[in-house]
4 protein chains.
Amino acid sequence: MKRDKPKYKQIIDAAVIVIAENGYHQAQVSKIAKQASVADGTIYLYFKNKEDILISVFTEKMGVFVENLKQIIKDESTSCEKLLKMIDNHFRVLATDHHLAIVTQLELRQSNKDIRLKINDVLKEYLVLLDHILIEGLENGEFNKDLDIRLARHMVFGTIDETITTWVMNDQKYDLMKLAPKVQKLLLSGMRA
Amino acid sequence: MKRDKPKYKQIIDAAVIVIAENGYHQAQVSKIAKQASVADGTIYLYFKNKEDILISVFTEKMGVFVENLKQIIKDESTSCEKLLKMIDNHFRVLATDHHLAIVTQLELRQSNKDIRLKINDVLKEYLVLLDHILIEGLENGEFNKDLDIRLARHMVFGTIDETITTWVMNDQKYDLMKLAPKVQKLLLSGMRA
Amino acid sequence: MKRDKPKYKQIIDAAVIVIAENGYHQAQVSKIAKQASVADGTIYLYFKNKEDILISVFTEKMGVFVENLKQIIKDESTSCEKLLKMIDNHFRVLATDHHLAIVTQLELRQSNKDIRLKINDVLKEYLVLLDHILIEGLENGEFNKDLDIRLARHMVFGTIDETITTWVMNDQKYDLMKLAPKVQKLLLSGMRA
Amino acid sequence: MKRDKPKYKQIIDAAVIVIAENGYHQAQVSKIAKQASVADGTIYLYFKNKEDILISVFTEKMGVFVENLKQIIKDESTSCEKLLKMIDNHFRVLATDHHLAIVTQLELRQSNKDIRLKINDVLKEYLVLLDHILIEGLENGEFNKDLDIRLARHMVFGTIDETITTWVMNDQKYDLMKLAPKVQKLLLSGMRA
DNA sequence: GATGAATGAGGTTTCATTCAT
DNA sequence: AATGAATGAAACCTCATTCAT
């Protein structure tokens, strides 16, 4: 399997760095190859084309969010706590990897529709897990029974995304992690029973 | 003043149509010129370069949001009502102009960092006005006195934006306007005193 | 009409020279542009792509053969004389333009199947005219009534083509024109009544 | 000797199939290796480079024509009969091996000048044998004493080649073998004393 | 002898911008 | 003011060949 070979991850990581440091439109394949210390042609032994690199970057990295969230859902805390853990996790992953934060919040959004559609497929998986938490909270009475799941999902994800994007645009100069409990509290007060 | 001449608006409107119908990356200057019924070179009598067209599209169209919001702030309703009016206005403008909705929610976000930074300057004006409503609500006791204005702003704008973007991505097939009161209610329950 | 503008012919002629002097696979668009004294991009105002240049080279130049042959057919000489004139014309055009001879006999034959199929369409027109001469000769009794037109066409064209190609491969070092009457005589003796 | 080892022939035969089925420009070394069931690198144990494969394909396969023709020349028939046998042999070999016919008549002609020059060296051997027949016919009075050997060679080979190429281009859908006596008769009538 | 992963040079085409008319 | 023909820089990808195993 190609994605288990060391060069696969090597190229993905190189792509994140190159995109973060040069911007999406200045992230030429040759730069990524150089950063990964492989020849240009080697890229094409592991990826079909440039688009495939970009989608794989998102898929591989987003996988971490999804995996973490699956763990969070499994545990036995309340839905409220799960929501906090989710926000906390989302913030932590991006606060820990500055390059990745730039890539997901700013650069990858410049990609064309084809790529964005595939990125959305990955995102959808994440949103479905978020819905699980929301539904569970509804059913166990933690959340307001009139809550519109779809709007609540928009609110939770929109707030998280907007908060992180603003933080990235401000050059990540304040502590994102500290905002997690406040964001949770703000969101919860709007959903609680 | 260039922006008062008829061809200026003509080109801006052509750009919105071309970007909405062809996508950001397929919106060549020559296509915009054709749609505006002017020669390619004429574009450069009214705009410094392509970047200038795109920023102007956003500035000119965003102006409507800002103007409307200024009117809303002036009137004598409660902060809660102002928030509803703001959401309602935001939804209405985009629900009325499908091309514009596509351009602002999807296509213009593919622009490079430079353009997006300038677009953000324009957006900031809008967010400052939103802050006015939030501060007013805090001061007159409508909103929770512990409310973090910055986070509340992220939540309000993030929720609105995510809701509209999802609606555009779903081909605008449901009635966006109907969601306005629900979104307001959801947001308010998180902020109220 | 694009093909009436001076730059169109300028580029076609440049292509013939570049292909003849560098070989088919070393005839880059940039070289053709340089030879034609235009910018690389200008090529694409007159031709859809590189393939289009190559096909146009053949079509434009082959047009001369076809036009000349149409004149020959119209005149009132015998079929035998027409055949001589055809051979003579074919030899003369290529003996006069050494670059063109190299391009048609050697270089253009390296093109891929798509291009060769389009080239064949043009050639077919020429062969149809040759058939006219052969049929006429059959009907007026100049040629053997048992003559198989298809085979005769193969023989006439194959002999002409092989003779010219050998001449080109030998660096055009002998006088091709002098061979015309001998080739005619040889071919005719095989077809005469 | 490398050319006696089984893998040598295996690769040559694979090359003929790959070129015939994919076309000259789509006949990558890796495809030939795959078809021959050897690794890419193995090719280079038997051939200096890709050019060497292509020339060897022609040399090996052309060898059959030359060998057969040598036999034909040795026998005691008339020059006219030898000519028929030669045409018959030429047609038969290609009519029997459809892949080979495509490769020699269409695909290999797309190769660059270097390769074509080397192919011509091989062809020359064949043409020299043809000259033997023609000269013998001249000397024994079967052919016209004014016959120009060089032109006659062009005519014989050009007619054969054009006839076969047309047959291949028409997807080999009629019986090439049946044409042999007619082609001979046509050619002979032009050369006979 | 055999393998196949890795290499890296090289070319077509697009499109924002200019400037002579 | 308006035109639009001309410019030319810039990058993705292929594939023949090598060489460590």
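Every chain is numbered from 1, with letters handed out A, B, ... down the list of sequences. Computation of the quantities below employed the complete heavy-atom set of this structure, encompassing side-chain atoms and omitting hydrogens, waters and symmetry-equivalent molecules.
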**Study point:** 5'-most by nearest nucleotide on DNA chain E - A39(D) or T42(A)
**Key:** A39(D)
Check your understanding: Nearest nucleotide by nearest heavy atom, which residue falls closer to the 5' end of DNA chain E, G41(D) or A27(C)?
Key -> G41(D)
Point to revise | E51(A) or I43(C), whichever maps to the more 5' nucleotide of DNA chain F | key: I43(C)
Point to revise | 5' precedence on DNA chain F between D40(A) and V38(B) (nearest-nucleotide basis) | key: V38(B)
Among [options], the one nearest [X] by side-chain distance:
| X | options | answer |
| --- | --- | --- |
| K50(A) | dA6(F), dC13(F), dC15(F) | dC13(F) |
| V29(B) | dT17(F), dC13(F), dA16(E) | dA16(E) |
| Y46(B) | dG8(F), dG11(E), dA2(F) | dA2(F) |

Atom [atom1] of [X] and atom [atom2] of [N]: how far apart are they, to the nearest Å?
| X | N | atom1 | atom2 | value |
| --- | --- | --- | --- | --- |
| D4(A) | dA5(E) | CG | C1' | 17 Å |
| Q28(D) | dT7(E) | CD | C1' | 17 Å |
| H25(A) | dA11(F) | NE2 | C1' | 14 Å |
| I32(D) | dT3(E) | CD1 | C1' | 18 Å |
| L45(D) | dT18(F) | CG | C1' | 12 Å |
| K7(A) | dA6(E) | NZ | P | 4 Å |
| N112(B) | dA16(E) | CG | P | 13 Å |
| Q10(B) | dA2(F) | CD | P | 10 Å |

Exercise for review: Please state whether the rings of F47(A) and Y8(A) are parallel, tilted or perpendicular, taking 30° and 60° as the class boundaries.
Suggested key: parallel
**Study point:** Presence of salt bridge, D121(D) and R116(D), under 4.0 angstrom
**Key:** no
Review point. Counting distance only, does the side-chain N/O of R109(A) pair as donor-acceptor with the main-chain N or O of T104(A) below 3.5 Å?
Key: yes
Point to revise | Side-chain N or O of S30(B) closer than 4.0 Å to phosphate OP1/OP2 of dC15(E) | key: no
Review point. Just to confirm, is there a sub-4.0 Å distance from OP1 or OP2 of dG8(F) to any side-chain nitrogen or oxygen of Y44(C)?
Key: no
**Study point:** Rounded distance [0.5 Å steps], CD1 in I12(C) versus CZ in F58(C)
**Key:** 12.5 Å
Check your understanding: With both distances under 3.5 angstrom, what nucleotide forms a Watson-Crick or G-U wobble pair with dA1(F)?
Key -> none
Practice item. Indicate whether the side chain of Q28(A) and that of K31(A) have a donor and an acceptor atom separated by less than 3.5 Å. Key: yes
